[in-house]
Amino acid sequence: MAVTFVALLWVIEVIDAAVSNRLDGWGIQPRSGEGLLGIIAAPLLHGGWGHLTANTVPALVLGFLTLATGLARGFAATAVIWLLGGLAVWLVAGGSSVHAGASGLIFGWITYLAVQGFVDRKPSEILIGLVVLVVYGSVLWGVLPGQPGVSWQGHLFGAVAGVVAAFVVSERGFSRPHRP
């Protein structure tokens, strides 16, 4: 599934290049009606080949590990990160900007994987989360403002949404049948 998602990102970037990067404007445009649609589109769009290349391996690895927590949980966590992170960017980011890229998902998957083992109290998942932090933890500095043209808001709110997702789709609450 992670391979399919990344392949879709590459197909979309090929289409975007063929139409002179006009798809990039479909990213999140804060506090605009059109920008709300960007919440859905933004993780699928990238600001060029370098941006997409930088996101490819982390999306493959972290997307796979997120789905390995259980397909239903992995998809649910991804949906929480995608929608909650995007909505927060739409609400908070500067008004004259367009935010696009799978980085918000990547930051969300990092924090989801780092936290969900502790939430579920499963040593194997804690170990996976710690390995993820060792390998990818340094990128979390990207939640701070600094590099022009990089959506630190997308990184920050993706990371926050990943923590929320760990609680929302916890194994203790997600797989347990709810009784009236």
Side-chain angles (χ1 to χ4, degrees), residues 1-28 37-71 73-86 88-89 93 97-116 125 128-163 165-166 169:
M1 296 304 238
V3 171
T4 302
F5 176 69
V6 170
L8 175 64
L9 298 180
W10 281 84
V11 167
I12 290 170
E13 190 60 30
V14 166
I15 294 167
D16 190 37
V19 298
S20 303
N21 299 314
R22 287 186 293 212
L23 297 180
D24 294 342
W26 284 72
I28 299 170
L37 294 174
I39 293 169
I40 302 300
L44 302 172
L45 305 171
H46 287 81
W49 297 108
H51 187 201
L52 177 56
T53 300
N55 282 339
T56 294
V57 172
L60 284 169
V61 172
L62 298 167
F64 170 79
L65 289 173
T66 298
L67 293 174
T69 66
L71 282 178
R73 286 179 65 206
F75 281 124
T78 298
V80 169
I81 295 164
W82 193 312
L83 298 174
L84 183 61
V89 169
S97 57
V98 177
H99 301 257
S103 302
L105 282 177
I106 290 167
F107 277 68
W109 287 333
I110 291 169
T111 58
Y112 168 74
L113 290 165
V115 171
Q116 60 95 27
E125 292 177 0
I128 289 169
L130 292 173
V131 170
V132 165
L133 282 177
V134 166
V135 174
Y136 289 104
S138 66
V139 303
L140 291 175
W141 287 107
V143 303
L144 300 174
Q147 188 175 353
V150 174
S151 176
W152 64 270
Q153 299 95 334
H155 297 168
L156 173 64
F157 294 122
V160 169
V163 173
V169 302

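If you take CD1 on I128 and CG on L65, they are separated by 6.5 Å, rounding to the nearest 0.5 Å. Note that CG of L113 is 11.5 Å distant from CG of L130, once rounded to the nearest 0.5 Å. Separation of atoms CG (L67) and OG1 (T78) is listed at 6.0 Å; rounding is to 0.5 Å.
The side-chain heavy atoms of T56 and W10, taken from C-beta on, include a pair separated by under 4.5 Å. The closest side-chain heavy-atom distance from D16 to L45 is not below 4.5 Å. Side-chain atoms of T111 and L140, non-hydrogen and from C-beta on, do get closer than 4.5 Å to each other. Residues Y112 and V80 form no side-chain contact, since every pair of their non-hydrogen atoms from C-beta on lies 4.5 Å or further apart. The shortest distance between side-chain heavy atoms of L60 and F64 does not fall below 4.5 Å. By the 4.5 Å heavy-atom criterion applied to side chains, D24 and V98 are not counted as neighbours. N55 has its side chain out of reach of L9: every pair of non-hydrogen atoms, C-beta onward, lies at least 4.5 Å apart. Using a 4.5 Å heavy-atom cutoff, the side chains of V163 and Q116 are not in contact.
Between G85 and A161, the shortest heavy-atom contact is N-CB, 3.7 Å.
Ring pair H155/F107 is parallel by interplanar angle, where below 30° counts as parallel and above 60° as perpendicular.
Heavy-atom contacts from other residues, nucleotides or ligands closer than 6.0 Å to CH2 of W82 number more than 12. Atom CZ of F5 has more than 12 heavy atoms from other residues, nucleotides or ligands within 6.0 Å.
Put simply, the side chain of H46 gets close to the backbone of A102: a donor and an acceptor are under 3.5 Å apart. Counting only distance, with no hydrogens or angles, the side chain of R73 and the backbone of G70 share no donor-acceptor pair below 3.5 Å.
Taking the ring pair (Phe, Tyr, Trp, His ring centres under 6.0 Å) definition, one finds that F157 meets it with nothing, sequence neighbours left out.
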